[in-house]
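Protein chains get the first letters and strands the later ones, always in sequence-line order, with residue 1 at the start of each.
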Amino acid sequence: MPPPSPNDHADAILFASESARACGRDRHIPEREPSEPLAEPVKQPHSALPDAPSGVGDDVRAGHVPRAGGIAERARAMAGPRRAPGGAYLAGLNPEQREAVETVEGPLLVLAGAGTGKTRVLTTRIAHILHLGLAWPSQILAVTFTNKAAREMKERIAGMVGEEVEGMPWLGTFHSIGVRMLRRHAELVGLKSGFTILDTDDQIRLLKQLLQAEQIDEKRWPARLLANTIDGWKNRGLAPEAVPAGEGATFANGRGKALYAAYQARLKALNAADFGDLLLEGIRLLRENPDVLAEYHRRFRYILVDEYQDTNVAQYLWLRLLAQGSHNVCCVGDDDQSIYGWRGAEVDNILRFESDFPGAKVIRLERNYRSTGHILGAAGHLIAHNEGRLGKTLFSEGVAGEKVTVTGAWDSQEEARAIGEEIEQLQHHGHPLNQVAILMRASFQMREFEERFVTLGLSYRVIGGPRFYERAEIRDALAYLRCISQPADDLAFERIVNVPKRGLGDAALRQIHDHARALGLPLQEAARQLAQGDALKPKVRLALRELVQSFERWRGQMNGMAQSQLAEIVLDESGYTEMWQKDRSADAAGRLDNLKELVRSMEPFENLTGFLEHVALVMDAEGGAGSDAVSLMTLHSAKGLEFDTVFLPGWEEGLFPHQRALDEQGRAGLEEERRLAYVGLTRARFRAKVFFASNRRIHGMWQSSVPSRFLDELPDGHVEVTESRGGQGWGGGQAGRYGYGPSRFDSAGTFGSSYSTPGWQRAQAARSGSSGGGSPGGSGRGGGFSEPAGRYAPTRGGGPVIEGQLIAKSTGAPSPFRQGERVFHQKFGYGEVMAVEGNKLTVQFDKAGEKHVLDSFLQAT
DNA sequence: TTGCGGCCATTTTTT
DNA sequence: ATGGCCGCAA
């Protein structure tokens, strides 16, 4: 590392003296030793300041010194007359929250249940640290997962300490902080400081090329799978050489590890990093360069982590490295809300906190300020079925409120109709739609609600879904801009070389590639040379020359105008806008709107580079949240939000808990699904309304469904079973079979007749099936499949069956039904089998017409 | 090079 | 049922 620039020292002195003054005014804090707060900030800036190795302007000097007076002023203001020991910001905290805020030294885990004021603790804690003068804003590392969370945190801190928050360059997402570190020390990990950040799309295209070059069959070994595998390794902090040989062999007959290494080499050659690298290379940087690590140790006096239950191994390693300096690491999270295991989050991180950080203190926040007693009671009882948890019981001092309702519907359409009606009722009673959300397990469930709401004229808004910057037209437009800004960005060049179509197809691209590889040039430069020579066919050469010249022209204009203006010119002159204008498909107009929106969103940025950096990391555009509308989203995207009324449709076995989670993750998968249910319930302030449907169309085929086991795990005392209007609901048959004891759903006759339900029908089928043995359905609180666990209870021939706790996947066994046979189906009535394909049948129903159904839902007549 | 037709998979999502 | 992707034919 180069030595610090001379300026650093002078600044440090100024900085130190300011800090001493700031603290000096705080001197009268009764409970502190006089020397203690003084000592650190004075000593700290000296050691922390030697900064970016390059010495180029960075946070501390650039941002803070001029503002130091401001800090002192703030401190004085806060230390003013109204200040109780500690400051006004501590006033509204409950004792646990206050303890979490004031326990500033040493490792601390705050187990913050849903709605217990987690963000408040985090932000107040930062304000507190600043207020006491324990650290400068630039000495606090505060990490979140999403940009949204970072933004919110920043806003709330600003509400408490004012502009000082602007001096917190290390408040951000894991990734943005990772980039920040890497940009300063890029050379140490084999990159140049201006490296490009590749998103998933770029990553997959790169891997595709790699697979092609290696002659690996992409059908058998899709690039997507390799990308996931590599991401998985990166999530676990494994560089190519660290991948265990056995695991490295799982992809493409043992070539996984080598491919990973090749991919990393390719990234370096492109001067690019993918999302995983932003952390993984950060870890490498800190491990291999003790001086850099020491610098950050000196810098970060306090480390705070939000949503700790979502951290993966790489993030944990990264944090641990950094926390070895001050040991002042505070992680806030809730093991019961860990729902991202499937993308590498390790609940273990939070479960093991105390042993990972010796001397750690754990504070539980269990006082809930959000939900009514019944909702908390129901959610708490449900989550208590999980084994792997630290254990918390939320309580509230509020009212019991309305019970959680459980409503059965005949099929998903009726479910949507029932929910639509309830929402209209609420609306008539003056309930704002903004305070209503429908939270579902999978996004395909959304369509039904959208359709229903369109007919009802109910305004709704879909949260989540494809992000603005991930849309094809936006990515295309960005690729043009990247080509201008970074002529060596090969991936961007490839993306738009023939978009719109300009006759530069695979063949032309291959030639450019070959030329580039031969001379070690970026594609764009290779293209420029080829356009001049005569190696290409005239037509191709002309098109290429046109493109290359355009880029040069645009690049020349780059500095003379606002980037948004340049973008307009580029989109126009490249023919890209025209391409969509000519497009007759339904969404073309929307795409043009998106492009306009893109151009508009560029305006506030300093320059094109600044904008592109923003886009790479902050992949969200502010969507209009203005109007009063019902929110539709998945349970995953609901985490962290709250609504007065929450509808939770689709609580059926196979959908929720999702079959795949059960198949692939077993018990762990089930527990994560249960946490998801818990997250859903705890989003509600006053009303949580659970629904399930007895029939649902999945992959275009009607399937009968069994109510979710989670329904049985809701305690009687907090739940009310209602019947959807006009619905036939579902009979009591299946409940209780999961070993959690009897529940109210076991009493027959809650809904209509038990004898018309799919559960009963299936029990009948089981009884007449070849296995015999098991107790017949329909008796006692029965209808349950009480065959010994682990044994199949086939329907006729064997369809979905219950094995232990899981419903097995449909077997590939041949269907027992023949073409021409008369059959009966729960939803569609009588019909005739038209075609048989494995266990999938095409049936011509007398009333309902031709449908595709699984054989296990049919009975012979 | 482009355009169309068949084949396959299809939970959840951030950076 | 439906959309995305690949391969093949014009």
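Among pairs with a residue in residues 495-510 of chain A, those fulfilling salt bridge (charged side-chain N to carboxylate O under 4.0 Å, His left out) read A:D201-A:R495, A:D476-A:R495, at least two apart in sequence or across chains. Pairs of residues two or more places apart, or lying in two chains, that qualify as side chain to side chain donor-acceptor pair (under 3.5 Å) and include a residue from residues 207-216 of chain A are A:Q209-A:E494, A:Q212-A:E218.
As a whole-Å value, the separation of A:N312 CG from B:dT13 P is 18 Å. For the pair A:N147 CG and B:dT15 C1', the interatomic distance rounds to 7 Å; values are reported in whole Å. Taking atom CG of A:D310 as the reference point, atom P of B:dT15 lies 12 Å away to the nearest angstrom. Computed from coordinates, the A:L617 CG to B:dT13 C1' distance equals 16 Å when rounded to whole Å. For A:F145 and B:dT14, the CZ to C1' distance is 9 Å, given to the nearest whole Å. In this entry the distance linking NE2 of A:H175 with C1' of B:dT15 reads 4 Å, nearest Å. Following rounding to the nearest Å, A:L635 (CG) and B:dT13 (P) show an atom-to-atom distance of 10 Å. Here the C1' atom of nucleotide B:dT14 and the CD1 atom of A:I177 are 15 Å apart, to the nearest Å.
With DNA chain B read from its 5' end, the first of the two nearest nucleotides for A:A507 and A:T200 is the one closest to A:A507.
Residue contacts for A:K208: at a heavy-atom cut-off of 4.0 Å it reaches the sugar-phosphate backbone alone, with no base atom in range.
Residues satisfying the side-chain contact (heavy atoms from CB on, under 4.5 Å) criterion with A:F643, sequence neighbours excluded, are A:Q435, A:A437, A:S631, A:M633, A:L641, A:V646. With sequence neighbours excluded, no residue satisfies salt bridge (charged side-chain N to carboxylate O under 4.0 Å, His left out) with A:E448. Under the ring-ring contact (aromatic ring centres under 6.0 Å, His included) criterion, A:F444 pairs with no residue at all, not counting sequence neighbours. For A:H658, there are no ring-ring contact (aromatic ring centres under 6.0 Å, His included) partners, not counting sequence neighbours. With sequence neighbours excluded, the residues forming a salt bridge (charged side-chain N to carboxylate O under 4.0 Å, His left out) with A:D335 are A:K392, listed by chain and number. Residues satisfying the salt bridge (charged side-chain N to carboxylate O under 4.0 Å, His left out) criterion with A:E307, sequence neighbours excluded, are A:K118, A:K639. Annotation: salt bridge (charged side-chain N to carboxylate O under 4.0 Å, His left out) contacts of A:E152 (sequence neighbours excluded): none.
A:L319 is listed as a side-chain neighbour of A:F174, based on a closest heavy-atom distance under 4.5 Å.
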N/O to N/O distances under 3.5 Å, protein versus nucleotides 2-4 of chain B:
unit_1: B:dT2; atom_1: OP1; unit_2: A:G503; atom_2: N; d: 3.4
unit_1: B:dT2; atom_1: OP2; unit_2: A:N498; atom_2: ND2; d: 3.1

I'd like a table of atom pairs between the protein and nucleotides 6-12 of chain B - only N or O on both sides, under 3.5 Å - with the distance next to each one.
unit_1: B:dT11; atom_1: OP1; unit_2: A:R660; atom_2: NH1; d: 2.2
unit_1: B:dT11; atom_1: O4'; unit_2: A:H658; atom_2: NE2; d: 3.3
unit_1: B:dT11; atom_1: O2; unit_2: A:R441; atom_2: NH1; d: 2.8
unit_1: B:dT11; atom_1: O2; unit_2: A:R441; atom_2: NH2; d: 2.2
unit_1: B:dT12; atom_1: OP1; unit_2: A:S443; atom_2: N; d: 2.8
unit_1: B:dT12; atom_1: OP1; unit_2: A:S443; atom_2: OG; d: 2.2
unit_1: B:dT12; atom_1: O4'; unit_2: A:R441; atom_2: NH2; d: 3.3
unit_1: B:dT12; atom_1: O2; unit_2: A:W342; atom_2: NE1; d: 3.4
unit_1: B:dT12; atom_1: O2; unit_2: A:R441; atom_2: NH2; d: 2.5

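Once you apply a 4.0 Å limit to the heavy atoms of chain A, the touched nucleotides of DNA chain C run 5' to 3' over C:dA1 to C:dC6.
A donor-acceptor pair under 3.5 Å links the side-chain atoms of A:Q445 to the main chain of A:R441, judged by distance alone.
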